[in-house]
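Worksheet: one structure, shown below.
Source: prediction; values computed, not measured.
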Amino acid sequence: MHGRRAHPQQKSRRGNSRASHSAECTGRPGSSSRYIGVSWDTSRSSWGVRLRDPQTKRNRHIGSFTSEDAARAYDCAAVQAHGAGAKRNFPGEAISELPETVSEKRKERSSSRYLGVCWLKAKSSWEVKLTDQQTKRSRGVGCFASEEDAARAYDCAAVQARGLGAKRNFPGEAISELPETVGEKRKQRSSSRYLGVCWKKSRSSWLVRLMDPQTKRTHFIGQYASEEDAARAYDRAAVQTHGSGAKRNFPGEAISID
């Protein structure tokens with residue numbers, strides 16, 4: 001006996017049921033969305049929104065969004081294109097402005113409200129760049145801890161390069177010296193005001209080094225709890241190596257060589 005064959009209409013109903021179930025299983029990459037006009041865009045790792053143009057009969061890309069922002073973006077675009085009677089994802093909600101796209105949110109996180117300033121995630125600081133008017137290329141001015149310092153650094157660099165008529169972030173302020181960069185501040189924290197002395201965080205002490213005039217190599221002298229003791233140790237080593245004419249931290253003090 002032959003098995004019972006399903007009626008073509010039954011097959012069709014089963015197929016439609018599967019398709020309907022598949023459309024409801026949503027919210028993951030590679031799938032369609034349960035919302036109208038929304039689908040996952042693998043290349044952008046976000047939900048893409050498309051709307052059919054009633055005149056050209058072609059799908060128009062609205063933007064890429066996260067989560068339910070995409071569905072609301074479709075509703076906003078649909079009402080703008082088709083009127084208040086357009087089919088919507090959230091018919092009970094009032095239509096507001098188009099939500100921010102993924103790229104707009106990324107740009108907002110990385111950009112600054114000031115000219116020539118942007119956030120540099122790799123260095124956790126505000127980077128300043130200025131375009132050279134001759135070469136049309138951007139040159140780095142430096143990285144700064146605060147957004148305002150970066151903005152003032154741009155102003156300083158802009159005036160130096162283009163004159164007093166340059167467009168600035170703070171046109172009402174007088175131009176001062178370029179603010180300290182992040183690297184300069186770090187160096188300042190780790191270095192000393194004395195010759196041959198630097199702070200070693202891992203040892204919690206001041207290290208002394210001296211350049212050998214013959215080998216041109218730096219020799220380690222010692223480590224000290226006090227910055228002044230380290231400076232005097234450098235003076236002693238410098239006089240021993242270079243003679244009484246050596247450059248010293250305390251030239252007015254007598255050198256006691258043990």
message: Could you tell me if the side chain of Gln240 sits less than 4.5 Å from the side chain of Ile255, heavy atoms only?
response: no
- request: Show your reasoning for whether side chain to side chain contact (heavy atoms under 4.5 Å, CB included) applies to Tyr194 and Glu228.
  value: CA-CA 8 Å; Tyr194 296 116; Glu228 286 73 18; 3.7 Å; yes
message: Please tell me whether Val117 and Phe170 are part of a single hydrophobic cluster in this structure, the criterion being side-chain heavy atoms less than 4.5 Å apart.
response: yes
query: How would you list, by chain and number, every residue that makes a side chain to side chain contact (heavy atoms under 4.5 Å, CB included) with His219, sequence neighbours excluded?
result: Asp212, Thr215
Under 3.5 Å: donor-acceptor pair, side chain of Asn249, backbone of Ala231: yes
query: Out of curiosity, Cys118 SG to Glu147 CD, how far, rounded to the nearest 0.5 Å?
result: 10.5 Å
task: Measure the spacing between CG of Leu207 and SG of Cys198 and express it to the nearest 0.5 Å.
output: 5.0 Å
task: State, to 0.1 Å, how close Leu51 and Ala81 come at their nearest heavy-atom pair, and which atoms those are.
output: CD2-CB, 3.8 Å
query: In terms of hydrophobic clustering (I, L, V, M, F, W, Y; side-chain heavy atoms under 4.5 Å; direct or indirect links), are Trp199 and Val208 co-clustered?
result: yes
task: Would you sort out whether Val128 and Trp126 count as a side chain to side chain contact (heavy atoms under 4.5 Å, CB included), showing the intermediate values?
output: CA-CA 7 Å; Val128 178; Trp126 294 96; 5.9 Å; no
message: I'd like to check Pro54 versus His82 (side-chain heavy atoms, cut-off strictly below 4.5 Å). Are they in contact?
response: yes
query: Restricting to pairs with a member in residues 72-87, which pass salt bridge (Lys or Arg N to Asp or Glu O under 4.0 Å), not counting sequence neighbours?
result: Glu68-Arg72, Arg72-Glu93
query: Between Ala78 and Ala86, which heavy-atom pair has the shortest distance, and what is it?
result: O-CB, 3.6 Å
task: Determine whether Val197 and Tyr224 fall in the same hydrophobic cluster, where Ile, Leu, Val, Met, Phe, Trp and Tyr are linked whenever their side-chain heavy atoms lie under 4.5 Å apart.
output: yes
Reported CD-to-SG distance for the pair Glu127 and Cys143, which is rounded to 0.5 angstrom: 5.0 Å
query: Has the side chain of Arg139 got a donor or acceptor atom that lies under 3.5 Å from a matching backbone atom of Leu130?
result: no
query: Taking Trp47 as the fixed residue, which of Phe65, Tyr35, Trp40 is the one that meets the ring pair (Phe, Tyr, Trp, His ring centres under 6.0 Å) rule?
result: Trp40
- line: CG (Asp41) and CZ (Arg50) are apart, to the nearest 0.5 Å, by 7.5 Å
- prompt: So how far is it from Asp69 CG to Cys76 SG, rounded to the nearest 0.5 Å?
  reply: 11.5 Å
task: List the atom of Ala153, the atom of Val141, and the distance in Å for their closest heavy-atom pair.
output: O-CG1, 4.3 Å
- prompt: Do the side chains of Lys167 and Arg162 get nearer than 4.5 Å, heavy atoms only?
  reply: no
query: Are the side chains of Leu210 and His242 in touch, meaning some heavy atoms are under 4.5 Å apart?
result: yes
query: Quick one: are Tyr74 and Ile62 in side-chain contact, heavy atoms under 4.5 Å?
result: no
- line: Residues Ser205 and Gln223: closest non-hydrogen pair is OG-CB, 3.7 Å
message: Side-chain heavy atoms nearer than 4.5 Å, only ILVMFWY residues, links allowed to pass through others: does that put Trp119 and Leu115 together?
response: yes
message: Measuring from atom CG of Asn59 to atom CZ of Arg52, what distance do you get when rounded to the nearest 0.5 angstrom?
response: 6.0 Å
